[in-house]
There are 2 protein chains.
Amino acid sequence: MAEAIKSWVMAKGLQPGDRLPSESALIARFGMAKGTIREAIRLLEAQGLVTSRTGPGGGVFVHRVSDQRAATLLGNYFYFQDLTIEDVYQIREALEPELAASLAGKLDAGQLAELEDIMTRYAAPARDIGEERDQHIASLLFHARLAEMSQNPLLGFLIRFTANMLSDITVSRRLYAQLNRELWASGVGFQTRLIAALHDGDATAAREIMAEHMRTARRLMRLQETVLTQRFLAEGDLL
Amino acid sequence: MAEAIKSWVMAKGLQPGDRLPSESALIARFGMAKGTIREAIRLLEAQGLVTSRTGPGGGVFVHRVSDQRAATLLGNYFYFQDLTIEDVYQIREALEPELAASLAGKLDAGQLAELEDIMTRYAAPARDIGEERDQHIASLLFHARLAEMSQNPLLGFLIRFTANMLSDITVSRRLYAQLNRELWASGVGFQTRLIAALHDGDATAAREIMAEHMRTARRLMRLQETVLTQRFLAEGDLL
DNA sequence: CCCAATTTGTTCGTATGTATC
DNA sequence: AGATACATACGAACAAATTGG
């Protein structure tokens with residue numbers, strides 16, 4: 001029944017911002033009771049396709065599915081799969097270099113400045129765990145912003161999604177607290193060289209710099225996961 | 001309010017198949033009216049997190065989000081972005097070779113046989129448009145099955161998703177009707193060599209074969225899109 | 001085959017909250 | 001401040017589907 005409304009909306013070619021008929025109008029049109037209509041609207045709302053506002057001029061409106069919503073919905077799917085950090089890095093290692101290459105020479109001065117600005121947030125080594133965590137988040141933000149600059153919506157979404165998913169995993173497992181200095185050192189150097197390559201329009205260099213960074217991060221993460229497992233075995237009640 | 005139920009479910013650590021309290025029980029527990037509870041359940045249902053059955057022994061059950069559902073939900077997001085075929089191929093060109101490499105030497109005889117079986121469906125050149133369409137679908141099935149064999153759930157999902165999205169786009173635009181013989185010829189040859197490399201456990205060869213196939217398909221698709229645009233201009237009412 | 005119990009699904013009437021004019 | 005228009009919430013009744021005796 002939500003499908004009926006959805007296809008009706010698509011048939012009418014409604015665009016984001018357009019208003020759906022009011023509840024009473026939908027009741028009349030589809031010949032269903034208020035509760036049923038409302039449940040159908042909830043189905044659409046959960047998918048992020050509509051939003052509703054109360055009051056005069058309010059109603060139900062077509063809404064473009066937000067990046068956030070799409071990521072959450074897709075995250076629900078992987079909640080039941082058992083993804084490893086290694087799985088996520090396999091994707092990043094394939095996609096991030098591609099992104100870097102495709103952006104070489106395409107960014108304006110403002111965008112390059114923004115990336116440099118983010119970089120300054122971890123120009124200095126972290127002095128405590130809190131700073132270390134902040135730097136880790138900021139470095140993921142660097143990738144997320146880069147992804148938003150992509151002309152390819154699919155590529156941009158996937159990179160933001162994997163970066164966020166990694167952020168969730170690592171923060172929840174407190175991996176960031178153990179990240180060693182090597183990652184920090186390689187991270188700053190990498191971004192400096194990457195921004196230069198992007199500025200110069202050197203796609204090959206940008207790709208290779210990013211690829212190397214991914215390989216390094218993946219290797220370090222792999223080490224951390226080993227450490228983590230050892231800790232679990234040492235601390236927890238042994239089987 | 002659906003979030004309250006969702007977090008309650010996660011707090012209880014319910015697993016797929018576990019039953020949620022009945023509507024009346026939820027009404028008692030959360031102190032809300034039946035309609036409100038039902039709307040909340042619809043929100044979870046739309047996300048694919050629960051399903052419900054009527055009758056004795058029925059109720060609302062935790063459900064692992066299906067592949068299908070996740071793909072549909074993610075597809076809604078991209079409905080509002082304007083994705084091009086080129087965008088999708090940029091992802092495939094990055095991911096498919098990675099998949100091929102990671103599966104080299106990991107498939108058993110049954111899996112290899114299944115891939116060969118799919119291949120036989122387009123061993124001969126298509127004689128009419130209908131056959132051509134079937135072959136196009138079958139070739140996408142080849143990629144989808146290969147993706148399901150991946151040990152990486154994220155990689156598998158993304159490849160199935162991009163292949164399906166491409167299938168939707170091309171079928172709806174009737175591109176398949178224009179696919180030329182070069183794609184068919186290269187397709188069969190590619191799969192034969194790919195299966196051999198997978199069997200031999202030659203990851204490097206598998207990656208390169210797939211990469212070459214993707215480059216070829218992407219190039220041909222690009223030509224087709226040009227043709228399609230020209231047709232629109234020739235046929236439709238000119239501006 | 002039918003009957004009864006259980007649980008979700010649907011309907012209606014009414015009341016409340018909220019934002020606009 | 002008050003009227004209006006809209007979504008939101010409540011409660012009671014009835015319908016449909018499924019299972020077991």
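Predicted model only: the values in this text are computed from it and were never measured. Here is how names work: the chains are called A, B, and so on, in the same order as the sequence lines, proteins then strands, and each is numbered from 1.
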Can you give each donor-acceptor pair under 3.5 Å made by side-chain atoms of residues 10-20 of chain B, sequence neighbours left out, with the distance rounded to 0.1 Å?
| from | atom 1 | to | atom 2 | distance (Å) |
| --- | --- | --- | --- | --- |
| B:Q15 | NE2 | B:G13 | O | 3.4 |
| B:D18 | OD2 | B:Q15 | N | 2.8 |
| B:R19 | NH1 | B:G58 | O | 3.3 |

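Legend: residues meeting salt bridge (charged side-chain N to carboxylate O under 4.0 Å, His left out) with B:E148, ordered by chain and number and at least two apart, are B:R145. Checked against side chain to side chain donor-acceptor pair (under 3.5 Å), A:Q135 has no partners two or more places apart in sequence or in another chain. A search for side-chain contact (heavy atoms from CB on, under 4.5 Å) contacts involving A:T54 returns nothing, not counting sequence neighbours. Residues that satisfy the side-chain contact (heavy atoms from CB on, under 4.5 Å) test with A:L194, not counting sequence neighbours, are A:A100, A:F142, A:L146, A:F190, A:L198, A:A206, A:I209, A:M210. For B:A25, the side-chain contact (heavy atoms from CB on, under 4.5 Å) partners are B:P21, B:S22, not counting sequence neighbours. Take B:D117 and apply the side-chain contact (heavy atoms from CB on, under 4.5 Å) test, not counting sequence neighbours, and it matches B:T120, B:R121.
Remark: C1' of C:dT6 and CD of B:E23 are 12 Å apart, rounded to the nearest angstrom. One atom, CG of B:L26, and another, P of C:dT7, lie 12 Å apart when rounded to the nearest Å. One atom, CZ of A:R53, and another, P of D:dT8, lie 11 Å apart when rounded to the nearest Å. A:F30 places its CZ atom 20 Å from the P atom of C:dG9, with the value rounded to the nearest Å.
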Q: Can you check each nucleotide of nucleotides 11-17 of chain C against protein heavy atoms at under 4.0 Å and return B for base, S for sugar-phosphate only, - for none, in 5' to 3' order?
A: S-BB--B
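Residues of residues 56-66 of chain A that place a heavy atom closer than 4.0 Å to DNA chain C, in numerical order, are A:P56.
For C:dG9, one of the phosphate oxygens OP1 or OP2 lies less than 4.0 angstrom from a side-chain nitrogen or oxygen of B:S52. Within the structure, every side-chain polar atom (N or O) of B:R38 is placed at least 4.0 Å from both OP1 and OP2 of C:dT8.
Salt bridge A:R218/A:E86: present, at least one basic N to carboxylate O contact under 4.0 Å.
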